[in-house]
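Below: one structure, written as structure tokens.
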Amino acid sequence: MRELTYREAEALARRVLVDGVGEGLVLEGEGGFYALYYFFGLWGRRALEPEEVPDWVEGPRPTPESFLAPYDQVQWLERHGYTVFVNESK
């Protein structure tokens with residue numbers, strides 16, 4: 001899922017989490033649900049490019065409601081020592 005573009009993921013999304021930091025698209029996959037986070041707001045941008053790949057992928061989890069909003073996810077990552085969480089494939 002790390003290579004799935006925003007355009008592809010948006011078409012499959014079961015839930016969309018949006019705030020000023022970015023978007024989290026929740027998809028159903030092998031073993032449960034996954035959130036693909038696109039943190040474009042961290043870089044001062046207002047929108048995503050359709051071909052962007054996610055910065056962070058979280059999951060699997062049992063329900064689509066169990067994921068954090070993008071801002072809260074960034075805070076969680078930083079509290080747990082993830083200082084660089086941008087997708088290495090970008």
Side-chain angles (χ1 to χ4, degrees):
M1 287 203 184
R2 187 169 300 283
E3 299 295 325
L4 203 59
T5 66
Y6 178 77
R7 180 189 326 261
E8 294 166 326
E10 185 181 37
L12 301 171
R14 296 297 254 342
R15 183 173 183 220
V16 178
L17 307 163
V18 180
D19 61 24
V21 170
E23 287 192 29
L25 302 178
V26 179
L27 286 68
E28 190 167 6
E30 188 174 321
F33 292 91
Y34 294 81
L36 283 61
Y37 288 99
Y38 301 84
F39 298 130
F40 61 91
L42 291 178
W43 323 125
R45 297 174 35 221
R46 292 186 175 189
L48 283 160
E49 294 296 324
E51 299 308 313
E52 285 190 57
V53 293
D55 295 302
W56 184 259
V57 177
E58 184 80 19
R61 297 216 177 146
T63 67
E65 293 77 32
S66 58
F67 294 98
L68 299 172
Y71 175 83
D72 296 327
Q73 183 64 36
V74 168
Q75 297 302 306
W76 184 94
L77 289 166
E78 291 175 348
R79 278 194 314 273
H80 290 86
Y82 293 93
T83 56
V84 177
F85 44 80
V86 174
N87 185 345
E88 294 173 359
S89 64
K90 279 191 167 184

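All figures in this text were calculated on a predicted structure; none of them were measured in a lab.
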Separation between CG of Leu12 and CG of Leu4, rounded to the nearest 0.5 Å: 6.5 Å
Where at least one partner belongs to residues 8-32, residue pairs that pass ring-ring contact (aromatic ring centres under 6.0 Å, His included), sequence neighbours excluded: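 Applying ring-ring contact (aromatic ring centres under 6.0 Å, His included) to every pair that reaches into residues 8-32, excluding sequence neighbours, yields nothing.
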Under the side-chain contact (heavy atoms from CB on, under 4.5 Å) test, residues paired with Val18 that sit two or more places apart: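 With sequence neighbours excluded, Val18 shows a side-chain contact (heavy atoms from CB on, under 4.5 Å) to Val16, Glu23, given in chain and number order.
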Which heavy atom of [X] sits nearest a heavy atom of [Y], and at what distance?
| X | Y | answer |
| --- | --- | --- |
| Pro64 | Phe33 | CD-CE1, 3.6 Å |
| Arg2 | Pro54 | O-CD, 3.3 Å |
| Tyr38 | Ala9 | OH-CB, 3.6 Å |
| Pro60 | Gly31 | CB-O, 3.6 Å |

Residues which pass ring pair (Phe, Tyr, Trp, His ring centres under 6.0 Å) with Tyr37, listed by chain and number, not counting sequence neighbours: Phe39
For residues 66-77, please give each side-chain donor-acceptor pair under 3.5 Å, one per line with the distance, not counting sequence neighbours.
unit_1 : atom_1 : unit_2 : atom_2 : d
Ser66  : OG     : Thr63  : O      : 2.7
Gln73  : NE2    : Glu58  : OE1    : 3.4
Trp76  : NE1    : His80  : ND1    : 3.4

Arg46 atom CZ, over 12 foreign heavy atoms within 6.0 Å: no
Pairs touching residues 8-18 that satisfy side chain to side chain donor-acceptor pair (under 3.5 Å), sequence neighbours left out: Thr5-Glu8, Tyr6-Glu10, Arg14-Glu28
Set of residues satisfying side-chain hydrogen bond (donor to acceptor under 3.5 Å, both in side chains) with respect to Glu65, sequence neighbours excluded: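 Partners of Glu65 under the side-chain hydrogen bond (donor to acceptor under 3.5 Å, both in side chains) test: none.
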